[in-house]
Colleague: 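Got a structure for you, written out below as structure tokens; questions coming shortly.
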Amino acid sequence: MIFVLKPTVTQAEIDHICEKIESFGLTPHVSKGVERTIIGAIGDETILQSQPLEALPGVERVLPILKPFKLASREFKPDNTVIAVSDVRVGGQRLAVIAGPCAVENRELLLETAREVKQAGASLLRGGAFKPRTSPYAFQGLGEEGLRYLAEARELTGLPVVTELMDPREAELVMMYADVVQVGARNMQNFKLLKEVGTHDKPVVLKRGMSSTIKELLMSAEYIMSEGNYNVILCERGIRTFEDYTRNTLDLSAVPVIKQLSHLPVIVDPSHATGKWDLVAPMAMAAIAAGADGLMIEVHPKPEEALSDGAQSLLPRKFSRLMASLRLVAEAVGRTV
Ligand code: PEP
Ligand code: MN
């Protein structure tokens, strides 16, 4: 249920409504918008149906949330969510560009890449220390050593860092170093992991599973949010189709669809979506034109020697050129980079 409150509602009335919701065994989630405050009552709604809830002081209307995702839905929060990551804002007028290598391979390479992407205008640095590889024999990541290099790169460049968390048992460790934790496509429906990241307040990049629908992606965001963490950034990274020229098929219509359904920021990863470096720039520009709030792009100074995803990684100078083109597209849609 959504409680739409009167513009004149007082804090005491909000507290009272929340207590009332709790007394029925539901959890209240307060969302203070520009114009209105809304309270979502999450849990078994049937118990509320026979209650005269509109009689509560401060309540204007009580409505059912029709979508299966509640906290993630635009009905619950009409205004766009802007997520603060240090001094970077994700979801605002300015686009957030996350760039860096697929994996942290060694200290020198990471620091070099971090310096280059910073200079080109990236706003966050990416790099996996725990890698979800298809083969158990492929490079699995440097683990904590990789996290330490990420922290050093942040120190050097001032860029906040994004890195993947694969196992709830490593949550404390990864969160000690990361500014944003990534839940990868392969773990989008790892519900234990989603609940774990939900109990922290660290921003999360939640990547769409390669065979998941938009609704399932939003339900996974709901898992995180229902635990109390509202800082969820959705990421479209391509889905599996019959087309095999590209690694995946970038579902760009997911961007405006998600914007209709949800208030959460949405970014696009053209690197994993296409699997080919020369398709990254055109799809990155298309993503911004479609309304994405940012991008995640793999950059490597020696793609031919990369331990993972070299074929889709941009050379730093190509990334820099892409940033220049993005400025023009961003301007055309009223954004800045
Ligand atoms: C990654 O970002 O390096 C990654 C593994 O992405 P995805 O989970 O989208 O495949
Ligand atoms: Mn990768």
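Every heavy atom of this structure was used, including side-chain atoms; hydrogens, water molecules and symmetry mates were not. Each ligand, and each atom within it, is numbered from 1 in the order the structure gives.
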Colleague: Would Met210 count as a contact residue for ligand 1, given that I'm defining contact as a non-hydrogen atom of the residue lying under 4.0 Å from a ligand atom?
Modeller: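 Per 4.0 Å heavy-atom rule, Met210 does not contact ligand 1.
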Colleague: Evaluate Asp309 for polar contact with ligand 1, using N/O atom pairs at a separation under 3.5 Å.
Modeller: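 Among all N and O atoms of Asp309, none is under 3.5 Å from an N or O of ligand 1.
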Colleague: CD of Gln11: more than 12 outside heavy atoms within 6.0 angstrom?
Modeller: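 Yes, CD of Gln11 has more than 12 neighbouring heavy atoms, counting only those of other groups under 6.0 Å.
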Colleague: Does the side chain of Phe319 come within less than 4.5 Å of Glu116's, by heavy atoms?
Modeller: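 Side-chain contact under 4.5 Å: no.
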Colleague: With a cut-off of 4.0 Å, which atoms of ligand 1 are near a heavy atom of Lys131?
Modeller: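 Checking each atom against Lys131, I get 1 (C), 3 (O).
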Colleague: Go through it in stages, so that I can follow the logic: the residues are Asp293 and Arg89, the test is salt bridge (Lys or Arg N to Asp or Glu O under 4.0 Å), and I'd like the CA-CA distance, side-chain angles, deciding distance and then a yes or no.
Modeller: CA-CA 10 Å; Asp293 296 300; Arg89 301 278 172 279; over 6 Å; no
Colleague: Distance only, no hydrogens: is a donor on one side chain within 3.5 Å (strictly under) of an acceptor on the other, for Glu305 and His300?
Modeller: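 There is no such pair between these side chains.
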Colleague: Geometry only, no angles: is Glu164 polar-contacting ligand 1 at N/O separations under 3.5 Å?
Modeller: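 In this structure, Glu164 places no N or O atom under 3.5 Å from an N or O of ligand 1.
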Colleague: Can you list the ligand 1 atoms lying under 4.0 Å from a non-hydrogen atom of Ala185?
Modeller: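 By the 4.0 Å cutoff, the relevant atoms are 7 (P), 8 (O), 9 (O).
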Colleague: Counting only heavy atoms not in Arg94, do more than 12 sit closer than 6.0 Å to its CZ atom?
Modeller: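 Open: at most 12 neighbouring heavy atoms sit under 6.0 Å from CZ of Arg94.
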Colleague: Which of the atoms in ligand 1, numbered in the order shown and given with their element, are less than 4.0 Å from a heavy-atom of Arg186?
Modeller: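 Contacts of ligand 1 toward Arg186, numbered from 1: 7 (P), 8 (O), 10 (O).
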Colleague: Under 4.0 Å from a heavy atom of Arg237: give me the atoms of ligand 1 that qualify, with their elements.
Modeller: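 Those of ligand 1 that fall under 4.0 Å from Arg237 are 7 (P), 9 (O), 10 (O).
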Colleague: Would you mind checking which non-hydrogen protein atom is closest to atom 6 (O) of ligand 1, with the distance to 0.1 Å?
Modeller: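 I find the closest protein heavy atom is Lys207 NZ, 2.9 Å.
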Colleague: The Mn ion (ligand 2) as vertex, arms to SG of Cys102 and OE2 of Glu298: angle to 10°?
Modeller: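 It rounds to 90°.
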Colleague: Gly128: heavy atom below 4.0 Å from ligand 1, yes or no?
Modeller: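 In this structure, Gly128 fails to qualify as a contact of ligand 1 - no heavy atom is under 4.0 Å.
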